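Working notes, structure below.
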2 protein chains.
Amino acid sequence: MFDEIDIHILEILQEKARIPNAEVARQVGMAPSAVLERIRKLEERGIIEGYEVRLNPACFHQGLSAFVQVETDGTDAQTAAALAAISSVQEVHQVVGPDGFLVKLRTADHTTLAKILRQIRPLPGVRSIRTQVVLETVKETRRVDLAEHNGNGRHS
Amino acid sequence: MFDEIDIHILEILQEKARIPNAEVARQVGMAPSAVLERIRKLEERGIIEGYEVRLNPACFHQGLSAFVQVETDGTDAQTAAALAAISSVQEVHQVVGPDGFLVKLRTADHTTLAKILRQIRPLPGVRSIRTQVVLETVKETRRVDLAEHNGNGRHS
DNA sequence: TGACAATATGAATAAAATTCGCACCAAAAG
DNA sequence: CTTTTGGTGCGAATTTTATTCATATTGTCA
């Protein structure tokens, strides 16, 4: 699907996605046009899904994170859609087992959190919810460990 | 901290972070140099934390997500560090209540997941763990709802 | 070996990034 | 009521990058 040069390019972009293509080319030791071509193909193949800016949540009244375990009674698709529609909801995962969904939230404070929870409880299919408020986030990344695909792959 | 133009710029970058600055300038109707200046200040102030490439996890043997509730007995800082050091671990949150940490994982398959779990259980301070395997992820975003800061702020 | 597909290169051109002097505006100071 | 000052936008000039394309190069397979 991709070779070491692709991995190298992805590692660079994973670090700083907005650096110029010419700089990437220098770092991998190839012509800019060749690197551009590779990046385009990675995008076409869906390996690169997009580029994002990482914002400081605290600057946008989003300092409080929480996880909500939502136990449902079967109406899963609708419930999921309703949960996903809430703008404070950042993630909705359907999990194996009794708790139907695991929802990740981001809000300004406890008051707003309470408001969202009052909004989730009466949703169709929701039997009960259990909330876990985050005190401190120790790690939060979305990086993929590309070293494992490189050849010098050490594992976790 | 920032005005409507900043918000507009951030909205554009949140959508497609790798588009040229000149294009951003066109969309907000300002000179490229002015937009560049604003973006730099947003970076300096820590409002913009960085730029990332979003990769397709399935392409990197990371198709399986799971959440692990880790109950600890007080040795929190060390436990957190040990959890965060595991490369499959994408997030470590210290939560309020009996379950000390909530950990988000990404692995290739059930076998690898089992391996990671066997790795977590004997960590210092870990009393018990409870794992929730993700069947399907319905929503997964990190976007900040900037509309609320814009003036036309509708809420969740 | 020869054909083919994929990919790299380097030059040429268009576009973008970056710098910087100047203008403008608003708020604080005189 | 002026003057000063800090912040910001503008546009021209320059450097750097993106993009295209014709031309090699490489590797595979029949």
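Residue numbering restarts at 1 for every chain, and letters A, B, ... go by the order of the sequence lines. All values reported here derive from a predicted model rather than from experimental measurement.
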For the side chain of B:D145 and the backbone of A:S88, is there at least one donor-acceptor N/O pair under 3.5 Å apart? no
Value in whole Å for how far the [atom2] atom of [N] lies from [atom1] of [X]:
X	N	atom1	atom2	answer
A:N21	C:dA8	CG	P	12 Å
A:I9	C:dT7	CD1	C1'	12 Å
B:E43	C:dT18	CD	C1'	14 Å
A:F2	C:dT7	CZ	P	14 Å
A:L36	D:dT17	CG	P	14 Å
B:L42	D:dT8	CG	P	11 Å
B:E37	C:dC24	CD	P	19 Å
A:I5	D:dG27	CD1	P	12 Å

Which nucleotide in [options] has an atom nearest any side-chain atom of [X]:
X	options	answer
B:M30	C:dA16, D:dC10, D:dA18	D:dC10
B:K41	D:dT8, D:dT19, D:dT17	D:dT8
A:R38	C:dA8, C:dT18, D:dC10	C:dA8

Got a donor-acceptor pair under 3.5 Å from the side chain of B:S33 to the base of D:dG11? yes
Touch check for B:R26, heavy atoms < 4.0 angstrom, all strands: base, sugar-phosphate only, or nothing? sugar-phosphate
By the 4.0 Å heavy-atom rule, please label A:A34 as base, sugar-phosphate, or nothing. base
Between A:R40 and D:dA18, does any side-chain N or O lie under 4.0 Å from OP1 or OP2? no
Pairwise 5' ranking along DNA chain D for B:R18 and B:D3, keeping only the more 5' one: B:D3
Would you indicate whether the side-chain heavy atoms of A:K115 and A:T111 approach each other to under 4.5 Å? no
Contact check, side chains of A:I129 and A:V70, non-hydrogen atoms, under 4.5 Å: yes
Hey, is A:R40 close enough to A:E44 for a salt bridge, meaning N to O under 4.0 Å? no
Is the CD atom of B:E23 crowded by more than 12 outside heavy atoms at less than 6.0 Å? yes
